[in-house]
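What you see below is based on every heavy atom in this structure, not just the backbone, and it leaves out hydrogens, waters and symmetry mates. From a predicted model like this one, the values you see are computed outputs, not experimental measurements.
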Amino acid sequence: MACGILLTIWQALTGGDEHSRQESLSARLFRAGYEESAEELLPVLTWGQEQPEGAAITREALEEWMPGYLYQTQTGQVAVRQPEGEFSEETQLTLEELMRMENQERNLQEPDTVVMLDMDSLLAENGWDAEEEISESGSGNSEDDSPEVDTLGSLALNPENGGFVPHIRQQTVDLTALQDYETLRDRYYAVDSVTNIGRDLLDVEKLTQRDLTIDKGQEGPQILIYHTHSQEGFVDSVPGDDSTTIMGVGQHLADILERQYGYQVMHHQGTYDKETRDNAYSRSLPEITRLLEENPQIQVVIDLHRDAVADESNRLVMDLDGRPTARFMFFNGISWTRRTGSISYLQNDNLSDNLAFSFQMKLKAEEYYPGLTRRNYINGYRYNMHLRPRTLLIELGAQNNTLEEAMNACDPIAHLLDLVLSGDQAQEGAAGIIP
């Protein structure tokens with residue numbers, strides 16, 4: 001490619017031919033680099049063919065010769081073709097075996113994104129002096145304080161939440177661009193190679209217009225948190241101590257939702273993978289079904305997991321206002337695989353609501369905590385997400401995150417939940433928090 005570019009510069013300086021003189025130098029440099037790159041990277045498109053000088057590789061050519069190429073490069077995924085004969089018609093794999101295979105092989109190689117937010121600047125934009133308010137709160141001088149400032153000061157000094165202050169909106173997502181299916185899919189979703197998802201399910205209007213608000217004043221627990229894989233730990237988890245695993249993180253999330261946001265939460269601490277992860281979803285289903293039948297007022301179900309990465313150097317963490325915070329993603333199963341098509345025995349009548357819930361959570365995360373969430377993941381099975389319309393499966397951090405990083409992520413997760421579940425009644429920033 002370097003030779004082509006040097007030749008283009010030489011032609012520009014010496015006059016070149018008539019065709020070259022009609023183009024700007026920058027245009028010719030781009031064309032020269034593009035043509036040589038295409039020939040080097042995609043020789044199958046030009047090998048054995050006569051190409052007219054200056055011919056470009058068109059999108060139509062790519063789609064005709066390599067129909068999977070555009071999709072794979074746009075989504076950043078790599079399609080893996082199983083070796084011929086690895087699975088024969090006689091091979092019988094159980095659902096749990098297929099799910100375990102996916103869980104072991106799946107690894108989203110996303111670059112770490114660090115978003116540094118200056119809290120003093122955010123406060124100043126809203127007419128608050130951080131040092132003055134914290135000083136006054138500490139001295140007990142609240143003569144001229146407004147309720148919003150009192151609440152903010154108490155949160156910043158509250159050791160129970162490590163000084164976390166819920167963000168105000170950082171940016172507004174342009175939904176017009178997301179009306180295009182390809183744009184929505186590429187920006188917000190990672191689709192496992194075992195499955196696919198079409199326009200009928202990824203419609204931004206349907207996803208955003210679904211009303212997911214709930215009544216906080218209803219008696220009894222409104223939110224259920226449980227763990228299909230309760231033994232998933234972190235790099236510094238203590239063997240035998242469930243409080244240092246994803247189970248302890250779930251309790252922390254429940255405490256924040258109750259104490260800071262006023263929800264009533266049931267944290268189910270049943271274990272379904274103590275001896276083995278095999279059939280954990282099958283073993284948890286009857287118990288979770290029973291809990292929901294006994295508590296029909298529960299409107300939100302959260303299956304909280306910790307993800308796994310194959311590359312230990314891939315750290316799912318960011319600095320959020322000076323706090324190391326594990327990145328997380330929302331996960332959906334759509335009961336459809338390329339191999340089987342629709343899986344009738346894994347029917348999910350709540351699929352559209354599940355997808356809307358995870359998308360609205362992702363949308364709020366992009367607006368309030370840019371860079372904190374990974375793309376929503378789509379897989380082929382059901383994962384017990386059919387039990388309630390507002391069901392989330394959250395993959396929080398990975399095995400190489402610390403417990404502190406996972407615990408810190410519970411604060412923004414709780415805030416995002418309140419933004420979605422409270423709807424228009426939710427207040428931005430600390431003003432919506434119960435002191």
Side-chain angles (χ1 to χ4, degrees), residues 93-108 192 223-257 265-292 300-317 324-333 374 377 379 381-387 391-410 413-414:
L93 295 177
T94 67
L95 175 61
E96 289 290 337
E97 289 173 330
L98 289 171
M99 289 162 62
R100 287 201 310 276
M101 289 171 55
E102 292 164 15
N103 196 42
Q104 292 169 357
E105 295 174 359
R106 174 164 51 85
N107 176 31
L108 296 179
D192 194 281
I223 300 175
L224 169 66
I225 299 175
Y226 76 102
H227 313 273
T228 300
H229 297 146
S230 64
Q231 303 305 297
E232 291 173 330
F234 301 93
V235 68
D236 54 351
S237 293
V238 178
D241 184 355
D242 286 346
S243 68
T244 65
T245 67
I246 194 65
M247 185 87 79
V249 177
Q251 184 59 53
H252 186 52
L253 176 60
D255 291 341
I256 295 172
L257 286 168
V265 183
M266 175 186 292
H267 181 213
H268 176 58
Q269 301 190 42
T271 58
Y272 305 100
D273 60 336
K274 201 99 176 182
E275 302 299 329
T276 175
R277 288 168 64 98
D278 294 357
N279 304 312
Y281 285 93
S282 300
R283 284 199 299 274
S284 66
L285 180 58
E287 184 65 13
I288 303 305
T289 301
R290 181 188 67 80
L291 288 174
L292 293 175
V300 180
V301 176
I302 301 173
D303 187 5
L304 186 61
H305 290 248
R306 183 229 68 204
D307 204 359
V309 292
D311 182 0
E312 290 282 345
S313 65
N314 183 21
R315 291 268 289 136
L316 303 176
V317 65
T325 304
R327 299 179 66 217
F328 51 91
M329 73 177 179
F330 305 110
F331 182 106
N332 284 102
R374 302 152 68 192
Y377 200 88
N379 214 328
Y381 304 102
R382 188 174 64 180
Y383 307 95
N384 294 344
M385 298 187 70
H386 61 296
L387 298 174
T391 298
L392 285 178
L393 195 160
I394 304 176
E395 296 276 4
L396 200 172
Q399 77 276 14
N400 54 350
N401 282 103
T402 66
L403 180 61
E404 177 193 14
E405 293 165 353
M407 291 289 194
N408 286 344
C410 292
I413 290 175

**Criterion salt bridge (Lys or Arg N to Asp or Glu O under 4.0 Å) on Glu275 and Arg283, from CA distance to verdict** = CA-CA 12 Å; Glu275 302 299 329; Arg283 284 199 299 274; over 6 Å; no
**Asked** Would Phe331 and Ile394 count as a side chain to side chain contact (heavy atoms under 4.5 Å, CB included) if you check the C-alpha gap in whole Å, the side-chain angles of each, and the deciding distance to 0.1 Å?
**Response** CA-CA 6 Å; Phe331 182 106; Ile394 304 176; over 6 Å; no
**Message:** I'd like to know whether Thr245 forms a side chain to side chain contact (heavy atoms under 4.5 Å, CB included) with Glu232, so could you lay out the CA-CA distance, the side-chain angles of the two residues, the decisive distance to 0.1 Å, and finally the verdict.
**Reply:** CA-CA 6 Å; Thr245 67; Glu232 291 173 330; over 6 Å; no
**Prompt:** Can you list the steps and then say if Asp236 with Glu404 is a side chain to side chain contact (heavy atoms under 4.5 Å, CB included)?
**Reply:** CA-CA 9 Å; Asp236 54 351; Glu404 177 193 14; 5.8 Å; no
**Prompt:** Would Val249 and Met407 satisfy side chain to side chain contact (heavy atoms under 4.5 Å, CB included), going step by step from the backbone distance to the final call?
**Reply:** CA-CA 6 Å; Val249 177; Met407 291 289 194; 4.2 Å; yes
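A donor-acceptor contact closer than 3.5 angstrom links the side chains of Asn384 and Ser284.
Taking the six-membered ring for Trp, Phe328 and His305 have ring centres at least 6.0 Å apart. In this structure, His267 has its ring center closer than 6.0 angstrom to the ring center of His227.
Below 30°, between 30° and 60°, or above 60°: for His268 and Tyr272 the angle between ring planes is between 30° and 60°, a tilted geometry.
In this structure, Arg315 CZ and Thr402 OG1 are separated by 6.5 Å, a value rounded to the nearest 0.5 Å. Between atom CD1 of residue Ile413 and atom CG of residue Asn408 there is a gap of 11.0 Å, rounded to the nearest 0.5 Å. For the atom pair CG (Leu396) and CZ (Arg327), the distance works out to 12.0 Å, reported to the nearest 0.5 Å. Once rounded to the nearest 0.5 Å, the distance linking CG of Leu392 with CD1 of Ile302 reads 5.5 Å. The CZ atom of Arg306 lies 10.5 Å from the CG atom of Leu316; values are rounded to the nearest 0.5 Å. Ile225 CD1 to Leu253 CG: the interatomic distance, rounded to the nearest 0.5 Å, is 4.0 Å.
Side-chain contact between His386 and Leu285: present, with at least one pair of heavy atoms (C-beta onward) separated by less than 4.5 Å. At a threshold of 4.5 Å between non-hydrogen side-chain atoms, the residues Tyr377 and Asp192 count as touching. Looking at heavy atoms from C-beta onward, Thr228 lies out of side-chain contact with Asp273 at the 4.5 angstrom threshold.
No donor-acceptor pair closer than 3.5 Å links the side chain of Thr325 to the backbone N or O of Ala409. A donor-acceptor contact shorter than 3.5 Å links the side chain of Asp311 to the backbone of Ser313. In this structure, the side chain of Asn400 engages the main chain of Asn314 through a donor-acceptor pair within 3.5 Å.
Listed here is the closest heavy atom pair of Gln399 and Ala308: OE1-CA, 3.2 Å. Annotation for Met385 and Thr391: closest pair CE-O, 3.6 Å, computed over non-hydrogen atoms. Heavy-atom minimum distance, Tyr281 versus Leu393: OH-CD1, 4.0 Å. Taking each heavy atom of Gly397 and Ala326 in turn, the nearest pair found is CA-CB, 4.0 Å. Between Ser230 and Gly270, the shortest heavy-atom distance links the atoms CB-O, 4.2 Å.
Residue pairs that meet the salt bridge (Lys or Arg N to Asp or Glu O under 4.0 Å) test with at least one member in residues 238-252, sequence neighbours left out, are Asp242-Lys274.
Residue Glu312 qualifies as enclosed at atom CD: its count of foreign heavy atoms under 6.0 Å is above 12.
Put simply, the residue from Ile246, Asp303, Asp307, Leu304 that forms a side chain to side chain contact (heavy atoms under 4.5 Å, CB included) with Glu395 is Asp307.
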